Each structure stands twice: as structure tokens, then as C-alpha cells.
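These notes are about the structure you will find just below.
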Amino acid sequence: MITAEQREQLRGWFTGRIPDGLFEELTEITVDREEITVIGRVPAPRPAEGASPAEREAAVEGRVQEFRERTREDRIAVARDAEHRFGRKVSWGVECDGRRVLFTHVAAPVMTRLRQPERQVLDTLIAGGVARSRSEALAWCVRLVQRHTDDWLTELRDSLEHVQRVRERGPDGEPGEAGPGTG
């Protein structure tokens, strides 16, 4: 967990480090222990008037692919600097015409011990064709919880930030000691 101030510092660093014109707008930066994900908006393509939905979708896919290839070297340079500075991998994505596409991102292993009733839930998702493995089924469950409890998770994250700020003011914390690279 990082504090709101650390998140602002991280966003500020990326805002200053990303080359001008790379994105129309830097829309979102998210961070966890392993990864920083940077999402920016790119201009929507302008297909001919009366274009079919399939043509519009293909135009967006083409725009995203063009952006990814054209900006690869710039994004790699920024990521290299950020990974050195913050100790986390950097992943990239774009928003284009209302669609979000992630280019590459970390799939971090999670060790867990599940009892039989929990394993049966995962196995039911596999048997039903929702997932191919227990790992994929668990990820599906996490996404479902995330989608249906977003307000609660936001409140919990805010509370954790408050706890971290209180800890930093304790006898072992030094002002300014915890930066965006700590977590």
C-alpha cells in the first residue's frame, strides 16, 4: 500500500518523465507491490461516415497497435528509469474510443491454502467452462468481487492509507522516510 501523497509523487514523476505528446492525457496510474500500470488516452480514429461497428472496432484496434509499435522505445526508456527508481515493473495500456487495452502486465503468482469447500467452488467454475484451471478460476472470483464491491474496497484502501500515515508519525518513522519506492 502506498499513501495518497506517494501516489501523487508517482503520478507527478510519470507526468514529468513521459515525453510530451505520447498520450492525449495520462488517465490512470495504479500501483501495487509488484507493478506500476500506466494508462493514457490516445486519439480515436475517424472512420468514414456510416462505417459499420466492425469497421469502427477494427479502426480502434489498428490505432492501438500503431501506437504500441510507434512508442515502444519511448515507453521502454521511461519504464527502465521507473523500475530503477521505484523497484517495480512498469506496464502500459491505452484508452481509445472508450476501450481500454493493456499491452503487457505482470501475472504475479499468489500462494494460498484453500479448504475443500473453496476448492470445490473453483472446480465447479472449471467444470462449467468459466475457467481452465484453479488459478484462472481464482482470478475470475477476484474480478467478480472487485466489480461488486468497488466502493467498499475504495473505503478499505483509504483506511489503510490512514494507518500508514499514522505509522510513519510513530517513534520509528522519520519524516519523508517512506517514498513511492517503499511499499
Side-chain angles (χ1 to χ4, degrees), residues 1-4 6-7 10-11 14 26-42 44 52-65 67-69 71-72 75-76 78-80 82-83 86-167 178 180-183:
M1 247 355 256
I2 66 170
T3 65
Q6 291 167 334
R7 190 173 295 107
L10 191 71
R11 184 176 178 88
F14 274 96
L26 181 60
T27 58
E28 183 178 334
I29 294 180
T30 55
V31 63
D32 67 11
R33 290 185 298 191
E34 291 84 21
E35 177 180 31
I36 300 167
T37 303
V38 180
I39 308 288
R41 184 171 296 113
V42 297
S52 71
E55 184 178 343
R56 291 181 187 282
E57 180 65 24
V60 169
E61 286 178 24
R63 175 61 51 91
V64 168
Q65 177 141 4
F67 173 85
R68 183 178 187 185
E69 291 171 7
T71 64
R72 181 172 280 120
R75 291 182 294 107
I76 287 171
V78 173
R80 192 175 298 124
E83 288 169 7
F86 301 115
R88 294 171 170 93
K89 290 291 182 189
V90 175
S91 300
W92 297 90
V94 294
E95 289 181 357
C96 182
D97 201 29
R99 184 168 167 219
R100 179 175 281 198
V101 179
L102 292 176
F103 299 150
T104 54
H105 46 100
V106 174
V110 177
M111 300 300 289
T112 185
R113 296 187 185 275
L114 299 176
R115 302 206 186 287
Q116 188 178 37
E118 292 126 354
R119 293 191 312 266
Q120 287 175 329
V121 169
L122 301 180
D123 292 343
T124 300
L125 292 172
I126 294 166
V130 173
R132 293 178 300 217
S133 65
R134 283 181 173 173
S135 176
E136 194 174 287
L138 185 58
W140 184 88
C141 291
V142 169
R143 287 191 302 273
L144 183 66
V145 168
Q146 180 185 21
R147 189 174 304 127
H148 292 290
T149 60
D150 213 25
D151 291 341
W152 181 83
L153 288 171
T154 299
E155 188 176 334
L156 182 60
R157 285 184 192 106
D158 291 345
S159 296
L160 291 171
E161 286 182 19
H162 177 72
V163 168
Q164 187 167 348
R165 285 192 304 271
V166 170
R167 272 193 205 129
T182 62

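Atoms considered below: every heavy atom in the structure, side chains included; atoms not considered: hydrogens, waters and symmetry mates. Along the sequence shown, the residues carry numbers beginning at 1. Note that the coordinates shown come from a computational prediction; the quantities given were computed from them, not determined experimentally.
- Under a 3.5 Å cut-off, the side chain of Arg88 and the backbone N or O of Ala82 do not form any donor-acceptor pair.
- Here the options are Thr37, Ile76, Val38, the test is side chain to side chain contact (heavy atoms under 4.5 Å, CB included), and the partner is Val90; only Val38 passes.
- A side-chain donor-acceptor contact under 3.5 Å links Thr27 to the backbone of Ile39.
- Rounded to the nearest 0.5 angstrom, His105 NE2 and Glu34 CD are separated by 14.0 Å.
- Looking at heavy atoms from C-beta onward, Asp151 lies out of side-chain contact with Glu155 at the 4.5 angstrom threshold.
- With values rounded to the nearest 0.5 angstrom, Arg143 atom CZ is found 10.0 Å from Leu138 atom CG.
- In this structure, CD1 in Ile36 is found 8.0 Å from CD in Glu83, a value given to the nearest 0.5 Å.
- Residue Gln116 holds its CD atom at 10.5 Å from CD of Glu118, rounded to the nearest 0.5 Å.
- Using a 4.5 Å cut-off on side-chain heavy atoms (C-beta onward), Trp92 and Val78 make contact.
- The main-chain N or O of Val31 is never found under 3.5 Å from a side-chain atom of Arg7 such that the two would form a donor-acceptor pair.
- Side chains of Val163 and Arg167 form a contact here, defined as non-hydrogen atoms less than 4.5 Å apart.
- Using a distance-only test at 3.5 Å, with no hydrogens or angles considered, no donor-acceptor pair links the side chain of Thr104 to the main chain of Ser91.
- Taken to the nearest 0.5 Å, the CD atom of Gln146 stands 7.0 Å off from the CG atom of Leu153.
- In this structure the side chain of Gln65 never reaches within 4.5 angstrom of the side chain of Val101, judged on heavy atoms.
- Across every non-hydrogen atom of Thr112 and Leu114, the tightest pair is OG1-CD2, 3.8 Å.
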Between Arg56 and Val60, does the side chain to side chain contact (heavy atoms under 4.5 Å, CB included) criterion hold? Intermediate values first, please.
CA-CA 6 Å; Arg56 291 181 187 282; Val60 169; 5.8 Å; no
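- The minimum heavy-atom distance linking Arg75 with Arg68 is given by the pair NH2-O, 2.8 Å.
- Here Glu136 contributes atom CD and Ile126 contributes atom CD1; the two are 8.5 Å apart, rounded to the nearest 0.5 Å.
- The existence of a salt bridge linking Arg41 and Glu95 is confirmed by a sub-4.0 Å separation between a basic side-chain nitrogen and an acidic carboxylate oxygen.
- Contact detail for Cys96 and Val42: the closest heavy-atom pair is CB-CG2, 3.6 Å.
- Listed for the Glu161 side chain is a donor-acceptor partner under 3.5 Å among the backbone atoms of Ala4.
- Looking at heavy atoms from C-beta onward, Trp140 lies out of side-chain contact with Leu122 at the 4.5 angstrom threshold.
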